[in-house]
**Student:** 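Take this structure, written in structure tokens, and hold onto it; I'll ask about it next.
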Amino acid sequence: MRKKIVAGNWKMNKLQNEAKKLVNQVVALLQNSNLSDNKRVIFSPPSIYLEGVSLITNKEAFIHSCSQNIYSENSGAYTGELSAEMIKSVGCEYTLVGHSERRALFYETDIILAKKVSSALMQGVTPIFCCGELLAERNSKKHYDIIKAQIEGGLFHLTEDEFSNIIIAYEPVWAIGTGKTASSNQAQEMHAFIRGLVTAKYGNITSDNLTILYGGSCNPANAAELFSCPDVDGGLIGGASLVAEDFVKIIAAL
Ligand code: PEP
């Protein structure tokens, strides 16, 4: 059965004491929640806090930590980078790959992202693979082509077995940090399209088990409607994950 997940991407926010406070607040607020093996919460803090956050989340059965990025190699002369093997060594089991900010600001191409995905899987780290179109691409009706190219380029080199360990996050770039959420119809249509691509490549069982998260200005007021769509299995949350009460309200909408 596919997992329902709410993941919080803190981006480059919070100082060390604030990060610790936020994760502790959320964990405390979730003590009597309905989390289960099938409903999970993930924190994606800046990498400098990954070990500290993992020490807290690893005491909780259904709460996990996630890197915001990895490099595709395990070790070597790659100044400033960190590998899947390294994040795993501090207790982290997930990594974002291909967030739109990485694609746009750090020029990450599908070829680079495909290597990162493979490197994560090789180390037993679950990639949360992000895809999404720009507003101009949606307005010119190219959004399905863009998403298809991103998914084929970043993920379709995987075997069926490898692909069964992937999570996808659909994040329309025009909705990220803008306050303009995709409508539930827009989200459902694209999630169903993505699931269809996966069915065509890997078959029904793999696509039925695939968790597809929605990201882009998701907040406590719109989460329940978005999460009620049949192909939306939770959310990747930016801004609203920085406030414990808001993040917990979104989790409650799962
Ligand atoms: C994100 O950065 O992944 C994101 C979804 O941000 P926000 O929720 O702030 O739009």
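Both ligands and their constituent atoms are indexed starting at 1 by order of listing.
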**Student:** Quick check on contacts: which atoms of ligand 1 are under 4.0 angstrom from a heavy atom of Gly239?
**Tutor:** 7 (P), 8 (O), 9 (O)
**Student:** At what distance is the nearest protein heavy atom to atom 1 (C) of ligand 1, and which residue and atom is it?
**Tutor:** His99 NE2, 3.3 Å
**Student:** Do Tyr170 and Glu133 get their side chains close enough for a donor-acceptor pair, meaning under 3.5 Å?
**Tutor:**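 Judged by distance alone, the side chains do pair up.
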**Student:** Could you tell me whether Gly216 and ligand 1 have an N or O pair separated by under 3.5 Å?
**Tutor:**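 No, since none of the N or O atoms of Gly216 sits under 3.5 Å from an N or O of ligand 1.
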**Student:** Using a strict cut-off of 4.0 Å, indicate which atoms of ligand 1 neighbour a heavy atom of Gly177.
**Tutor:** 7 (P), 9 (O), 10 (O)
**Student:** Which atom names give the shortest non-hydrogen contact between Leu158 and Tyr202, and what distance separates them?
**Tutor:** O-OH, 2.7 Å
**Student:** Among all protein heavy atoms in this structure, tell me which lies nearest to atom 8 (O) of ligand 1, with the distance rounded to 0.1 Å.
**Tutor:** Gly238 N, 2.8 Å
**Student:** Do you know which of His64, Lys88, Gln123 makes side chain to side chain donor-acceptor pair (under 3.5 Å) with Glu93?
**Tutor:**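 By the side chain to side chain donor-acceptor pair (under 3.5 Å) criterion, Glu93 pairs with just one of His64, Lys88, Gln123: His64.
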**Student:** Considering the heavy atoms of Glu171, write down every atom of ligand 1 situated less than 4.0 Å from one of them.
**Tutor:** 1 (C), 3 (O), 4 (C), 5 (C)
**Student:** Find all atoms of ligand 1 within a distance of less than 4.0 Å from any non-hydrogen atom belonging to Ala175, and give their numbers and elements.
**Tutor:** 10 (O)
**Student:** Which atom names give the shortest non-hydrogen contact between Thr211 and Lys3, and what distance separates them?
**Tutor:** OG1-O, 2.7 Å
**Student:** After noting the C-alpha distance and the side-chain angles of Ile112 and Tyr107, does the key distance pass the side chain to side chain contact (heavy atoms under 4.5 Å, CB included) rule?
**Tutor:** CA-CA 9 Å; Ile112 292 172; Tyr107 310 108; over 6 Å; no
**Student:** Do the ring planes of Tyr214 and His191 sit parallel (below 30°), tilted (30 to 60°) or perpendicular (above 60°)?
**Tutor:** tilted
**Student:** So, Asn13 versus Glu18: side-chain donor-acceptor pair below 3.5 Å or not?
**Tutor:** no
**Student:** If you measure every N or O of Ile176 against every N or O of ligand 1, does any of those distances drop under 3.5 Å?
**Tutor:**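 Ile176 vs ligand 1: no N/O contact under 3.5 Å.
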**Student:** Examine ligand 1 and decide if any of its atoms is less than 4.0 Å from a heavy atom belonging to Ser217.
**Tutor:**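 Ser217 counts as a contact of ligand 1 under the 4.0 Å cut-off.
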